[in-house]
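The structure appears right after this line, and notes come after that.
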Amino acid sequence: MRLFKLLLFALVLNITSCVSKQENKKENPISEEKKEKVPFDFGVWITADIQRGNDEYAQEFEKYKNAGIDEVLINTGTDPELLKKLVPIAAEKGLKVHAWIMAMNRPGDSIALTHPEWYAVSKEGKSCFDTRPYVDYYQWLCPTRKESRNHVLGLVEELAKVDGIESVHLDYIRFSDIFLPIGLLPKYNLVQDEELPEFDFCYCDVCVSEFEKLHHKNPRKIKNTSIDMEWKNFRLNAIRKVVNEAYEIVHKYNKNLTAAVFPYPEMADHMVRQRWDKWTIDEVYPMIYHGFYNEEIDWIGYATKQGVEDVKEKGIGINTGVYLPPFKSSEELKQAILLAKENGAKGVTFFDGPALTKDYLEIIKETKASLK
C-alpha cells in the first residue's frame, strides 16, 4: 500500500510539472521563436589614386558612410603602402576595407613583364604577353605555371599583412573570357556561337605537359576541346588551386578571402572557366550586371538565388554586385537591392564609387533604413 501511494504521488507530481511547463511556455514564448535580424551590408568598389590627399579620401568615405554603406573594396594597384594609408582613414569613418587585387589578369605588372613565359597562351599559340584578347589590358598569367602562380600569391600575401583589412578580395580570378556577355558582343563586332581558338586559354607548354601527365593526351591535338571534360576540369582546377592556396595565406594573417566572380557557378564555368562553388573561400561578390546580358532587373534576383543555392551547404556568403550605369532611376536601384536581399544575399555592392550619384546615395540610405 505504501509503495502504491509513493507511485501515485510521483505520477501527480510529474503531471503537475508538465502542466506548469506548458503554462510557462504560453506566457513566455521560447527565445528561438524570436528571430534576430541578420545585418544586410552595403559595399562599393573604388580605385585609389596615390595623388589624392587624405582629406579627399576622408570626405569620400564620409559620404559613403552617411549613405549607409558599410565597406569599401579598394583597388590600390596591389600597393600595400597605399593600402596602409587608406585603411585608418576609412576605419575612422566607420568603414570596413577589403584589399581588391587583379589576380590572374595583371596589366602592366612590371615583374611579370620581365618573364614572357609566365603568360597564358591561346589555342592559336599566341601569348597574352604580346597578343591580348579583346582589350589591351588583358594580360593574363598562367595559373598552372608555378612561377606565375607564386607571383600572384606573393602579392596576395603582401596585402594580407596590412593591419585592419577585412579581406583580400580577388578579382579576375579566372581565365580570359571564352564567351563575352551577350550585351558586349556588338562593341567588339563579334559573334560567339562556339568556342573560338583566339579566346581559348591556356595552351602553354606547362599546361600541356601537366595535363598529359594526368590524362595521357595532348590538348593541342584534341579534335574538339569544347567537349573534353578532362581538359575543361584541368583548367577549372588550376584556378581553384590558386584560390585555395590564397585562402591558406590570408587566414595565416587572420584575414578573410573574398572574390568578385561571374554571376553564378554554372554560368561562370561556361564563360570564363571559373567554378566558384568548388572553392575554399569566405565570401563571393557575384557581378550580376544585368545590362551586360541584356537582362531585366528581376534577373538580379534570379542569379543571386542560383548562387545562394549552390553554396548554401558550404557557408560561403553571397554579396550581390550591381553595375550602376544600366539603371534608369533610383527606384530601379532600390528594386535591385531588395531583390538581392529577398533571394538570400547577405549584402549588395555597387560598381563603382564615382557612379554613385546624389540620388543613388539617398535611395541607398532610405533602403538601408527600411531594412532595420
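Being a predicted model, the structure only gives us computed values, none of them experimental. The residues of the chain are indexed from 1 along the displayed sequence.
The main-chain N or O of F262 is found under 3.5 Å from a side-chain atom of Q274 such that the two form a donor-acceptor pair. Remark: the backbone N or O of L180 is paired with a side-chain donor or acceptor of Q192 at under 3.5 angstrom. In this structure a side-chain-to-backbone donor-acceptor pair under 3.5 Å is missing from E198 to P133. Distance alone, capped at 3.5 Å, places no donor-acceptor pair between the W299 side chain and the I288 backbone. A donor-acceptor pair under 3.5 Å is formed between the side chain of K65 and the backbone N or O of G94. With hydrogens and angles ignored, the 3.5 Å screen pairs a side-chain donor or acceptor of K368 with a backbone N or O of G68. Remark: the backbone N or O of F129 is paired with a side-chain donor or acceptor of R132 at under 3.5 angstrom.
By the salt bridge (charged side-chain N to carboxylate O under 4.0 Å, His left out) test, E332 pairs with no residue at all, sequence neighbours left out. Remark: S209 engages K213 in a side chain to side chain contact (heavy atoms under 4.5 Å, CB included) (not counting sequence neighbours). Under the rule for a side chain to side chain contact (heavy atoms under 4.5 Å, CB included), the partners of D277 that lie at least two apart in sequence or sit in another chain are P265, R275, D310, V311. Remark: R52 pairs with E56, E60 by the salt bridge (charged side-chain N to carboxylate O under 4.0 Å, His left out) rule, at least two apart or across chains. With sequence neighbours left out, K84 forms a side chain to side chain contact (heavy atoms under 4.5 Å, CB included) with E81, V162. The side chain to side chain contact (heavy atoms under 4.5 Å, CB included) search around I50 returns D79, L82, not counting sequence neighbours. Partners of Y264 according to the ring pair (Phe, Tyr, Trp, His ring centres under 6.0 Å) rule, which considers only residues two or more places apart in sequence or in another chain, are Y302. Listed by chain and residue number, nothing satisfies the salt bridge (charged side-chain N to carboxylate O under 4.0 Å, His left out) test with E266 (two or more places apart in sequence, or in another chain).
When all heavy atoms are compared, the tightest approach of A67 to I364 is O-CG2, 3.3 Å. Closest non-hydrogen pair, G183 versus N294, comes out as CA-OD1, 3.6 Å. Heavy atoms only, all atoms of each residue included: D171 and A260 are closest at OD1-CB, 3.6 Å. Shortest non-hydrogen contact noted between V243 and L170 is CG2-CD1, 4.3 Å. Residues A90 and V97 share a closest heavy-atom pair of CB-CG2, 3.4 Å. Counting all heavy atoms, side chain and backbone alike, R174 lies closest to Y138 at NH2-OH, 3.3 Å.
A salt bridge links E158 with K161: the distance from a Lys NZ or Arg NE/NH1/NH2 to an Asp or Glu carboxylate oxygen falls below 4.0 Å. Here D282 does not pair with K255 in a salt bridge; the nearest charged N to carboxylate O distance is not below 4.0 Å.
For the atom pair CD of E309 and OG1 of T304, the computed distance is 12.0 Å after rounding to the nearest 0.5 Å. Note that CZ of R273 and CG of D177 are 11.0 Å apart. Values are rounded to the nearest 0.5 Å. Here E295 contributes atom CD and H290 contributes atom NE2; the two are 9.5 Å apart, rounded to the nearest 0.5 Å. I74 CD1 to I101 CD1: the interatomic distance, rounded to the nearest 0.5 Å, is 14.5 Å. In this structure, the separation between CD1 on I239 and CG on N244 is 11.5 Å, given to the nearest 0.5 Å. L257 contributes atom CG, which lies 8.5 Å from atom CH2 of W279 (distance to the nearest 0.5 angstrom).
Between H98 and Y285, the ring planes lie perpendicular to each other; the angle is over 60°, past the 30° to 60° tilted range. Relative ring orientation between W45 and Y289 is described as perpendicular, the plane-to-plane angle rising above 60° on a 0-90° scale split at 30° and 60°.
Sequence neighbours left out, the pairs with a member in residues 137-152 that pass salt bridge (Lys or Arg N to Asp or Glu O under 4.0 Å) are R149-E245. Here side chain to side chain donor-acceptor pair (under 3.5 Å) pairs that include residues 120-131, with residues two or more places apart or in two chains, are K123-T225.
Side-chain atoms of Y134 and L184, non-hydrogen and from C-beta on, never get closer than 4.5 Å to each other. Between P263 and Q306 there is no side-chain heavy-atom pair separated by less than 4.5 Å. Under the 4.5 Å side-chain criterion, counting only non-hydrogen atoms from C-beta, W276 is not in contact with I281.
By the rule that hydrophobic residues join a cluster once side-chain heavy atoms approach within less than 4.5 Å of another member, M287 and I297 end up as members of one cluster. Taking hydrophobic clusters as Ile, Leu, Val, Met, Phe, Trp and Tyr residues chained together by side-chain heavy-atom distances below 4.5 Å, I69 shares a cluster with V87. Under a hydrophobic clustering in which Ile, Leu, Val, Met, Phe, Trp and Tyr are joined whenever their side-chain heavy atoms come within less than 4.5 Å, directly or via other members, L236 and M104 fall into different clusters. If you chain together hydrophobic residues whose side chains sit under 4.5 Å apart, V272 and I227 never meet in one group. Grouping the Ile, Leu, Val, Met, Phe, Trp and Tyr side chains by contacts below 4.5 angstrom, directly or via other members, places I318 with L338.
Within 6.0 Å of the CD atom in E366, the count of heavy atoms belonging to other residues, nucleotides or ligands exceeds 12. Counting non-hydrogen atoms of neighbouring residues, nucleotides and ligands closer than 6.0 angstrom, the CG atom of L185 exceeds 12 such neighbours. Counted within 6.0 Å of NZ on K63, heavy atoms from surrounding residues, nucleotides or ligands total more than 12; the atom is thus considered enclosed. Within 6.0 Å of atom NZ in K85, more than 12 heavy atoms from other residues, nucleotides or ligands are found, so the atom counts as buried in its surroundings.
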- prompt: Taking it one step at a time, do D269 and K278 satisfy salt bridge (charged side-chain N to carboxylate O under 4.0 Å, His left out)?
  reply: CA-CA 11 Å; D269 177 337; K278 308 290 186 185; over 6 Å; no
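Aromatic ring centres of W140 and F201 lie farther apart than the 6.0 Å criterion allows.
Between T78 and R106, the side chains place a donor N or O and an acceptor N or O closer than 3.5 Å (distance only, hydrogens not considered).
Evaluated for a salt bridge (charged side-chain N to carboxylate O under 4.0 Å, His left out) with D200, the options R220, R235, K232 yield exactly one hit, R235.
By the 4.5 Å side-chain criterion applied to Ile, Leu, Val, Met, Phe, Trp and Tyr, L214 is assigned to a cluster that also includes Y203, F211, I222, W231, F234.
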Extract all donor-acceptor atom pairs below 3.5 Å that involve side chains of residues 340-358 and protein atoms in other chains or at least two apart in sequence.
{"from": "N343", "atom 1": "ND2", "to": "L339", "atom 2": "O", "distance (Å)": "2.8"}
{"from": "K346", "atom 1": "NZ", "to": "E283", "atom 2": "OE2", "distance (Å)": "3.4"}
{"from": "T357", "atom 1": "OG1", "to": "Y360", "atom 2": "N", "distance (Å)": "3.2"}

